[in-house]
Amino acid sequence: MKNTRQFLVSGRVQGVGFRDATRTRANELGLAGWVRNLSDGRVEVQAAGSGEKLDALADWLQDGPPSAKVEHVDTQYIESSDTAPEPFAVR
């Protein structure tokens, strides 16, 4: 069964390769979904997959790529009515 989670990542997370690194990590984990920049400086991630794989992504998001400085990650479990893109995409 696929679960869906939304992550809102704040800190120095734009302009540091965060979206591409997130896409790479999510694809390594076999997750579906997307990542995008928000106008307020955060990065939004929506990912679908097994709970174990989503937990692994959540752990990775706490640090992100080496050039990022993650300050906080908000996580929500959501019901997604649309089909998450596979492979994981940058929006």
Side-chain angles (χ1 to χ4, degrees):
M1 177 177 174
K2 281 192 176 182
N3 301 301
T4 303
R5 292 186 203 169
Q6 177 191 51
F7 303 95
L8 296 173
V9 187
S10 58
R12 191 180 62 170
V13 294
Q14 290 190 11
V16 294
F18 200 95
R19 290 178 301 155
D20 284 335
T22 300
R23 175 181 55 195
T24 298
R25 183 65 182 134
N27 283 325
E28 289 170 354
L29 292 167
L31 294 169
W34 49 265
V35 58
R36 67 179 175 180
N37 285 339
L38 297 176
S39 61
D40 64 5
R42 296 179 297 168
V43 169
E44 179 181 15
V45 179
Q46 186 169 309
S50 72
E52 183 178 288
K53 291 180 180 186
L54 289 168
D55 288 343
L57 180 64
D59 289 343
W60 182 87
L61 289 171
Q62 294 296 321
D63 295 314
S67 54
K69 185 176 188 296
V70 175
E71 293 176 1
H72 188 73
V73 179
D74 287 316
T75 305
Q76 290 186 33
Y77 296 82
I78 61 173
E79 287 187 34
S80 179
S81 58
D82 59 76
T83 304
E86 291 184 63
F88 201 89
V90 172
R91 288 190 171 173

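Not measured: the values here are computed from a predicted model.
- D59 is linked by a salt bridge (Lys or Arg N to Asp or Glu O under 4.0 Å) to nothing, counting only residues two or more places apart in sequence or in another chain.
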Under 3.5 Å, which donor-acceptor pairs link side chains of residues 63-72 to any protein atom two or more places apart or in another chain?
unit_1 : atom_1 : unit_2 : atom_2 : d
S67    : OG     : V16    : O      : 2.7
H72    : NE2    : D74    : OD1    : 2.7

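- Counting only distance, with no hydrogens or angles, the side chain of E86 and the backbone of G30 share no donor-acceptor pair below 3.5 Å.
- Shortest non-hydrogen contact noted between E44 and Q6 is OE2-NE2, 2.5 Å.
- Applying the side-chain contact (heavy atoms from CB on, under 4.5 Å) rule to D55 yields the partners R5; only residues at least two apart in sequence or on another chain are considered.
- K53 contributes atom NZ, which lies 10.5 Å from atom CZ of R25 (distance to the nearest 0.5 angstrom).
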(Q) I'd like to know whether Y77 forms a side chain to side chain contact (heavy atoms under 4.5 Å, CB included) with L54, so could you lay out the CA-CA distance, the side-chain angles of the two residues, the decisive distance to 0.1 Å, and finally the verdict. (A) CA-CA 11 Å; Y77 296 82; L54 289 168; over 6 Å; no

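- The closest side-chain heavy-atom distance from R23 to D20 is below 4.5 Å.
- With sequence neighbours left out, the salt bridge (Lys or Arg N to Asp or Glu O under 4.0 Å) criterion links R12 to no other residue.
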Q: Under the side chain to side chain contact (heavy atoms under 4.5 Å, CB included) rule, what do L38 and L8 come out as? Steps first, then yes or no, please.
A: CA-CA 9 Å; L38 297 176; L8 296 173; 3.9 Å; yes

Q) Given the rule in the side chain to side chain contact (heavy atoms under 4.5 Å, CB included) test, do E79 and T4 qualify, once you have shown the distances and angles that lead to the verdict? A) CA-CA 6 Å; E79 287 187 34; T4 303; over 6 Å; no

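- Closest approach of V13 to F18, counting heavy atoms only: O-CB, 3.1 Å.
- In this structure the side chain of T22 reaches within 4.5 angstrom of the side chain of F88, judged on heavy atoms.
- The two residues F7 and A58 come nearest to each other via the heavy atoms CE2-CB, 3.7 Å.
- Contacts of E52 classified as side-chain contact (heavy atoms from CB on, under 4.5 Å), with partners at least two apart in sequence or in another chain: S50.
- Rounding to the nearest 0.5 Å places CG of N37 at 11.5 Å from CZ of R42.
- At least one side-chain heavy atom of V45 sits under 4.5 Å from a side-chain heavy atom of L57.
- A search for side-chain contact (heavy atoms from CB on, under 4.5 Å) contacts involving Q62 returns V73, not counting sequence neighbours.
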